[in-house]
Number of protein chains: 2
Amino acid sequence: MDERKKIILKAIVDDYVETCEPVGSKSLVKRHNLKYSSATIRNEMAELEEMGYLEKPHTSAGRMPSDKGYRAYVDNLLSLPKISPEEAAAIRNYLTENLSEAKEMIERTAEYLAEKTNYLSVVLSPQFSDTSLEQIKIMMIEPGRAIVVLVLSPGIVHDRLIRIPALIEEKDLNEIGRAVERCLAGKRLDDITLVTISSAAEASELPEALVNQVLYEAYIAIKQTEKIEVYIDGKYQLLKHPEFRDVDRASRFYDAMQQEHMVAGYMREMEHEEEGKAFAECEWDLDCLEKIGDEPSSLAVQQKKPAYMVRIGQEIALNGMEDMSFITTTYRIGQQITGQIGVIGPKRMQYGNIISQISFVNRALSDVAKDHYGRGECPAPDDGNRKRRD
Amino acid sequence: MDERKKIILKAIVDDYVETCEPVGSKSLVKRHNLKYSSATIRNEMAELEEMGYLEKPHTSAGRMPSDKGYRAYVDNLLSLPKISPEEAAAIRNYLTENLSEAKEMIERTAEYLAEKTNYLSVVLSPQFSDTSLEQIKIMMIEPGRAIVVLVLSPGIVHDRLIRIPALIEEKDLNEIGRAVERCLAGKRLDDITLVTISSAAEASELPEALVNQVLYEAYIAIKQTEKIEVYIDGKYQLLKHPEFRDVDRASRFYDAMQQEHMVAGYMREMEHEEEGKAFAECEWDLDCLEKIGDEPSSLAVQQKKPAYMVRIGQEIALNGMEDMSFITTTYRIGQQITGQIGVIGPKRMQYGNIISQISFVNRALSDVAKDHYGRGECPAPDDGNRKRRD
DNA sequence: ATTGGCACTCGAGGCGATCGAGTGCCAATA
DNA sequence: TATTGGCACTCGATCGCCTCGAGTGCCAAT
């Protein structure tokens with residue numbers, strides 16, 4: 001594909017993305033001050049169509065990009081706008097201000113992206129299955145109730161309230177707790193099963209049934225930690241885009257989105273997708289991100305190759321998403337723990353913009369998450385005049 | 001309003017709710033086998049229109065109910081379908097099966113209602129501000145981290161991870177914890193302020209700054225407990241209703257819904273709305289609910305007068321909701337703790353159906369919530385083959 | 001008080017003409 | 001040989017016009 005074709009393709013995609021209307025040769029020349037006549041452009045467009053990059057809704061209409069056209073655009077023709085320092089500061093602030101739970105950070109990531117992009121955002125909570133258990137404590141609250149606290153390897157703490165048989169006394173519970181810790185400490189969460197944990201039962205002199213009840217609850221607490229949560233925001237914003245003028249189409253898409261676990265599963269798969277596929281897995285454009293942060297990010301250095309993935313139209317292996325594009329990226333907490341961030345929008349999407357946004361949000365979240373999930377700094381005491389959200 | 005007018009009004013509302021099209025005199029006679037001619041009906045309809053119960057989109061069209069018409073229908077003409085025993089069992093099951101957190105119960109309530117009604121559901125988590133604090137414990141996890149556990153008066157447990165200065169040792173922390181408990185135990189959550197809690201600082205010999213940090217975190221944990229969460233489900237289902245063919249209208253409504261705190265605030269206000277207003281605040285139709293549950297609900301006896309409220313169209317004091325109807329009801333955990341359940345749909349709503357559903361869901365949640373929030377029974381150990389949701 | 005009948009209204013839907021932005025192709029041109 | 005101007009053609013969108021039918025209001029007859 002020669003240079004001129006590239007320019008024309010880019011121009012067409014840009015225009016189409018903006019207007020959502022098939023673009024014709026004449027208007028293209030005018031809008032972009034091309035130094036060729038519309039006839040020339042017409043010839044080129046005809047060739048581009050033959051090559052599969054463009055399509056026409058009907059004979060006498062302008063051209064619009066095909067999936068392949070978008071793909072070429074995303075792979076080769078994209079320019080990524082830079083994120084301004086103000087924006088960079090704004091998002092960090094947004095993610096952490098008055099933060100009360102680590103989870104909430106994920107939720108806010110989704111919120112921020114949805115608002116910023118005007119598309120739909122999906123953020124998955126981090127996957128802890130690969131992480132190993134440093135400590136597990138079971139602490140009595142009152143007869144019949146206790147709390148299980150897990151500390152995962154990079155200092156991530158999870159806890160869960162459990163019910164226990166009311167007969168169990170504090171010292172017995174502590175005994176059980178120690179036994180559980182002995183038998184689980186250092187194990188990967190994923191490797192812990194009901195069988196593993198039940199070997200802790202021997203330690204106690206209590207009736208086995210009682211002990212098992214506690215072990216079972218502890219087990220659930222552990223499995224709960226592995227559960228991936230899905231945060232979706234901006235669903236209905238899509239309605240504002242012209243491709244959703246057709247309510248039925250919107251409705252079909254929403255039905256597909258309803259199956260959050262499918263979407264989540266798909267996103268996780270994308271993470272493990274091998275490189276070198278025909279999908280855009282581009283190296284982070286350091287140029288676009290380097291000078292933005294306040295200070296150089298240690299994480300950005302660690303993760304040599306933060307990547308985003310773009311799936312366009314038919315490439316998305318989810319029913320009901322054939323008309324959409326899906327951009328995903330993987331954030332990291334420390335080295336091993338990962339989670340996904342995604343944006344879904346119509347194929348006619350502002351790819352450059354969204355990729356910049358999602359990439360930067362990724363970095364911000366990765367930076368900030370470690371502090372809030374793991375053994376980060378103590379938050380400033382902040383003399384009490386924080387606003388409470390309710 | 002004489003009997004015949006009532007019958008006609010009811011028939012019109014029923015038809016209009018079903019078809020979403022203005023109903024004419026002739027088709028009304030046919031569909032309902034009325035024993036009057038269409039001319040008579042026409043006269044009656046003209047009078048009903050003059051009285052304000054009906055309106056016409058244009059001169060030669062059929063009639064549709066006005067807000068006032070719906071109001072009369074809801075207040076006087078409604079018949080509440082009974083909930084079948086199967087359904088009753090199904091919902092209890094849905095709410096509690098494999099339940100892992102109390103919160104999730106609220107979420108599921110929203111899910112269930114949305115799915116069942118095909119409208120939008122809003123459920124607020126219970127409001128604990130009125131409740132008093134039985135216990136508060138601060139327990140060390142590792143240097144720099146601790147957990148705050150609150151027990152509220154009917155045995156409701158909340159907890160929150162906090163960061164503490166890494167210098168503080170376990171025994172000092174315990175000391176502080178005891179001091180906090182002494183100074184807060186028995187107080188209403190609402191009455192606890194930063195000032196109240198800071199009086200616990202004297203007890204310790206540690207530097208005041210360190211202690212204050214802990215107290216502040218404990219304070220946040222308490223305030224966190226009071227935070228009301230809003231669960232909304234079925235948002236996009238509304239798109240399937242013909243009144244939302246117009247995407248802009250849908251979009252406007254969704255913009256309004258985006259302000260969840262407004263909606264939540266409005267729902268809470270409705271709870272405190274005095275009786276005797278012009279709004280439907282009807283006594284629970286015991287007839288419709290009595291024979292359904294498996295066993296008589298102790299709560300149903302306690303709460304003499306579970307009520308639902310219906311706001312129609314302009315009655316809703318929220319921007320962008322002028323075309324909707326909003327049905328709310330208050331669930332209870334024990335005597336004092338309350339939360340809200342609501343359904344929002346087009347004015348052309350299946351009032352009878354929805355009111356039955358929401359009322360029953362209310363009862364189911366009230367019944368079940370106490371066990372899961374408070375000192376309920378231990379859940380069955382359930383031999384480990386529960387399905388895990390992820 | 002009820003009814004049949006009649007003139008009238010108005011939105012929906014089908015038809016045809018017009019308009020305009022687009023295309024493909026070809027012969028002329030630099 | 002690549003580019004361009006010109007021309008005939010296509011097709012969706014829009015507008016006006018007509019008809020159809022389900023509705024109404026009103027009046028005189030029962």
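Note that the structure is a prediction, hence the values are computed from the model and not measured.
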Give the rounded distance in Å between these two atoms: [atom1] of [X] and [atom2] of [N].
| X | N | atom1 | atom2 | answer |
| --- | --- | --- | --- | --- |
| B/Glu55 | D/dG23 | CD | P | 18 Å |
| A/Arg63 | D/dG12 | CZ | C1' | 16 Å |
| A/Glu44 | C/dT23 | CD | P | 13 Å |
| A/Arg42 | D/dG6 | CZ | P | 12 Å |
| B/Ile41 | C/dT2 | CD1 | P | 10 Å |
| A/Lys26 | D/dC7 | NZ | C1' | 13 Å |
| A/Lys56 | D/dC9 | NZ | C1' | 12 Å |
| A/Met45 | C/dC25 | CE | P | 15 Å |

Here the gap from A/Met64 atom CE to A/Lys347 atom NZ, rounded to the nearest 0.5 Å, amounts to 7.0 Å
Should the pair B/Arg245-A/Asp248 be classified as a salt bridge under the 4.0 Å nitrogen-to-oxygen rule? yes
- Ion pair B/Lys5/B/Glu47, N-O distance below 4.0 Å: yes
Which of C/dT3, D/dT3, C/dA21 is nearest the side chain of A/Ser60? It is C/dA21
Among the nucleotides C/dT3, C/dG11, D/dT3, whichever has the atom closest to the side chain of B/Tyr36 is C/dT3
As its Watson-Crick or G-U partner within any shown strand, both distances under 3.5 Å, D/dA28 has C/dT3
Mate of C/dC10 across any strand shown (Watson-Crick or G-U wobble, both atom pairs under 3.5 Å) is D/dG21
inquiry  = Side-chain N or O of A/Thr59 versus OP1/OP2 of C/dT23: is the shortest distance under 4.0 Å?
reply    = no
Quiz item: Are OP1 or OP2 of C/dA1 and a side-chain N or O of B/Thr40 less than 4.0 angstrom apart?
Solution: no
Comparing B/His58 with B/Ala39, nearest DNA chain C nucleotide closer to 5' gives the residue B/Ala39
Assert: residue with more 5' nearest nucleotide on DNA chain D, out of B/Gly62 and B/Asn43, is B/Gly62
**Message:** Quiz question: by atom type and distance under 3.5 Å, do the side chains of A/Gln350 and A/Glu18 form a donor-acceptor pair?
**Reply:** no
Distance-only, no hydrogens or angles: does the B/Ser66 side chain make a donor-acceptor pair with backbone N or O of B/Tyr53 under 3.5 Å? yes
Sugar-phosphate only, base, or nothing, as touched by A/Ser27 at under 4.0 Å among non-hydrogen atoms: sugar-phosphate
